Amino acid sequence: MQTEYINAFDIVIGVLWRFWPVWVGLILVMGTSFTYKKRLGLYGQLFDSGVGIAGVFICLFWLFTAIFASTISPFDPLAQVSVMKDTLPGAIEPTSKLVYYFGGDKLARDVFSRMVYGSQIVLIIAPAATGFALMVGITLGLPAGYYGGKIDTLLSFLANLVLAFPVILLFYLLVTPGIMDTPIPYAMAGLFFLFPIIFFSVLFWTRYKNRPDRLYILLGITLIVGGWIYTGLVFDKDPLHIVHIDPNQLNIFVAVVFASSPGVFRIVRGLTMDIKTRDYVAAAQTRGESPWYIMLWEILPNARGPLIVDACLRIGYTTILLGTLGYFGLGLAPESPDWGTAIKDASRLLRSFIHPALPPTIALMSFVLGLNLLADSLREQSMKD
């Protein structure tokens, strides 16, 4: 059976139409943000520069793509239609008459649909793992920089020990399939996932310890929600079956947190050592505030600028690292639609078919570009502040 194709113009129009939920979301969010930017603090200030607008636009584009992936994609990313193997962009699937806008790969899967669903994997693992790394780095970096002495020496030694390993080698050791047969990933997950619960519990305790009516409510919410998420992620025992992570993704998640936390720790430690000499910290000490109150409510808010910039850059680094792991076939399942795996599968046939490699490559590049633009704009705003 001879495959039918649509022309290049129809491909462009078709792709743009498939993304209609994304355009609607962008119009609503960007329009509202621009209108009320003066009331939105640091986020609103991003709309004062072209770099900030471009960064927000690109990041929101992929965020909405991940959210509406099932609506945007015309096919299941794992579905195989034998007659569509290695078809060129614009091929029409004979049964459903739907279009393979970016063609088919070597296993006859829709490249466009796999690119769209690949955004879900990236936007789940990279920001979430970076968030947990921030929790670990902040929780350990604040006391190290504030107290100094033996605490600083011990924590700094452990951080430098992790940073001494080459990143790729470290990830190779942590995400190889055999390690899932050991308790190491689950033990590390059990340790790292405790930090957000500890962080928010101490945060609320230091702020509202003299207001038990509010303190008990916030601590209860923290322990209930945190325990629920902890049970689902670490033990896969969520009674509501909402919180779940596949073993392969958990492995990568833990590896990212383990490798990123020392870098965050060093940044927080350095900022704390600088900020603790400021007059407003001395004023808080004179008022008799506890050390953890000063760290969390005086020092940390004044370190938010560099930390936000670092978080954006770190998400970009993690995205590239996920792509690298996928390219080497580590971590995620071989049939995964993540962008690194898609690039790896397509690279083997580059001399014959280049079209399957381009969409995931451009997607990965554009998302990292958006994060870098966002970080540049945030850096400019933090310098003004």
Side-chain angles (χ1 to χ4, degrees), residues 8 11-12 14-16 18-19 22 57-81 84-91 98-127 129 168 171 175 246 248-249 252 256 315-373:
I11 293 175
V12 174
V15 169
L16 293 175
R18 297 298 310 187
F19 280 105
V22 176
F57 178 87
I58 296 173
C59 292
L60 285 179
F61 174 86
W62 287 114
L63 174 62
F64 287 128
T65 298
I67 293 173
F68 299 110
S70 59
T71 303
I72 298 170
S73 301
F75 297 93
D76 185 315
L78 303 181
Q80 297 173 300
V81 182
M84 305 300 286
K85 179 180 179 180
D86 292 327
T87 53
L88 297 176
L98 294 174
V99 181
Y100 272 40
Y101 289 105
F102 293 159
D105 63 8
K106 64 177 185 178
L107 296 178
R109 300 169 298 192
D110 180 30
V111 174
F112 175 76
S113 297
R114 290 179 62 79
M115 180 202 71
V116 171
Y117 270 96
S119 65
Q120 287 187 331
I121 298 174
V122 170
L123 269 78
I124 289 174
I125 296 180
I168 295 298
F171 268 82
V175 302
D246 294 332
N248 287 332
Q249 293 184 1
I252 295 178
V256 171
I315 293 173
Y317 299 152
T318 303
T319 301
I320 295 174
L321 194 54
L322 292 175
T324 304
L325 292 175
Y327 186 84
F328 288 115
L330 297 173
L332 296 173
E335 68 276 7
S336 170
D338 71 283
W339 294 334
T341 301
I343 295 171
K344 177 199 68 174
D345 292 340
S347 65
R348 298 173 180 175
L349 299 173
L350 278 179
R351 292 187 178 182
S352 302
F353 304 100
I354 193 174
H355 63 274
L358 292 179
T361 303
I362 294 173
L364 179 62
M365 178 191 70
S366 64
F367 181 58
V368 175
L369 173 63
L371 289 169
N372 288 339
L373 294 176

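This structure is a prediction, so every number in the text was calculated from the model and none was measured. Basis for what follows: all heavy atoms, side chains included, without hydrogens, waters or symmetry-related copies.
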* Determine, stepwise, if the pair D105 / D345 fulfils side-chain contact (heavy atoms from CB on, under 4.5 Å). => CA-CA 8 Å; D105 63 8; D345 292 340; 5.7 Å; no

Could you tell me which non-hydrogen atom of [X] sits nearest to which non-hydrogen atom of [Y], and how far apart they are?
{"X": "A66", "Y": "Q120", "result": "O-NE2, 2.9 Å"}
{"X": "V15", "Y": "F102", "result": "CG2-CE2, 3.9 Å"}
{"X": "Q80", "Y": "R109", "result": "CG-CG, 3.7 Å"}

Side-chain donor-acceptor distances from residues 353-366 under 3.5 Å, at least two apart:
| residue | atom | partner | partner atom | Å |
| --- | --- | --- | --- | --- |
| H355 | NE2 | T87 | O | 2.8 |
| H355 | NE2 | G104 | O | 3.4 |
| T361 | OG1 | A357 | O | 2.6 |
| S366 | OG | W62 | NE1 | 3.0 |
| S366 | OG | I362 | O | 3.1 |
| S366 | OG | A363 | O | 2.9 |

* To do: Output the distance between atom CD1 (I343) and atom CG (D338), rounded to the nearest 0.5 Å.
  =>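 Those atoms lie 9.0 Å apart.
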
* Asked: Just how far is it from atom CG of D76 to atom CG of D110, taken to the nearest 0.5 Å?
  ->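 Atom-to-atom, D76:CG and D110:CG are 10.0 Å apart.
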
Only counting residues at least two apart or in another chain, list the ones meeting side-chain contact (heavy atoms from CB on, under 4.5 Å) with [X].
{"X": "P127", "value": "I315"}
{"X": "I124", "value": "none"}
{"X": "F64", "value": "V22, L26, V29, L60, I67, F68"}
{"X": "L322", "value": "I125, A126, I252, T318"}

* Taking side chain as C-beta onward, heavy atoms only, is L373 less than 4.5 Å from I58? ->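 With C-beta onward as the side chain, the pair touches.
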
* Asked: Any side-chain heavy atom of S119 within less than 4.5 Å of one from W339?
  ->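 Yes, close enough: below the 4.5 Å cut-off.
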
* Could you tell me whether a side-chain N or O of R18 sits under 3.5 Å from a main-chain N or O of I72, the two making a donor and an acceptor? =>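 Yes; judged by distance alone, with no hydrogens or angles, the pair exists.
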
* To do: For the pair R114 (side chain) and S336 (backbone), establish whether a donor and an acceptor sit closer than 3.5 Å, ignoring hydrogens and angles.
  =>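 Indeed, once roles are kept as given, a pair shorter than 3.5 Å links the two residues.
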
* **Within residues 65-74 or reaching into it, pairs that qualify as side chain to side chain donor-acceptor pair (under 3.5 Å) - sequence neighbours excluded** =>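 Side chain to side chain donor-acceptor pair (under 3.5 Å) check on residues 65-74 returns no pairs.
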
* Checking ring-ring contact (aromatic ring centres under 6.0 Å, His included) against F112, which of Y100, F75, F19, Y117 comes through? ->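 Considering Y100, F75, F19, Y117, a ring-ring contact (aromatic ring centres under 6.0 Å, His included) with F112 is found only for F19.
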
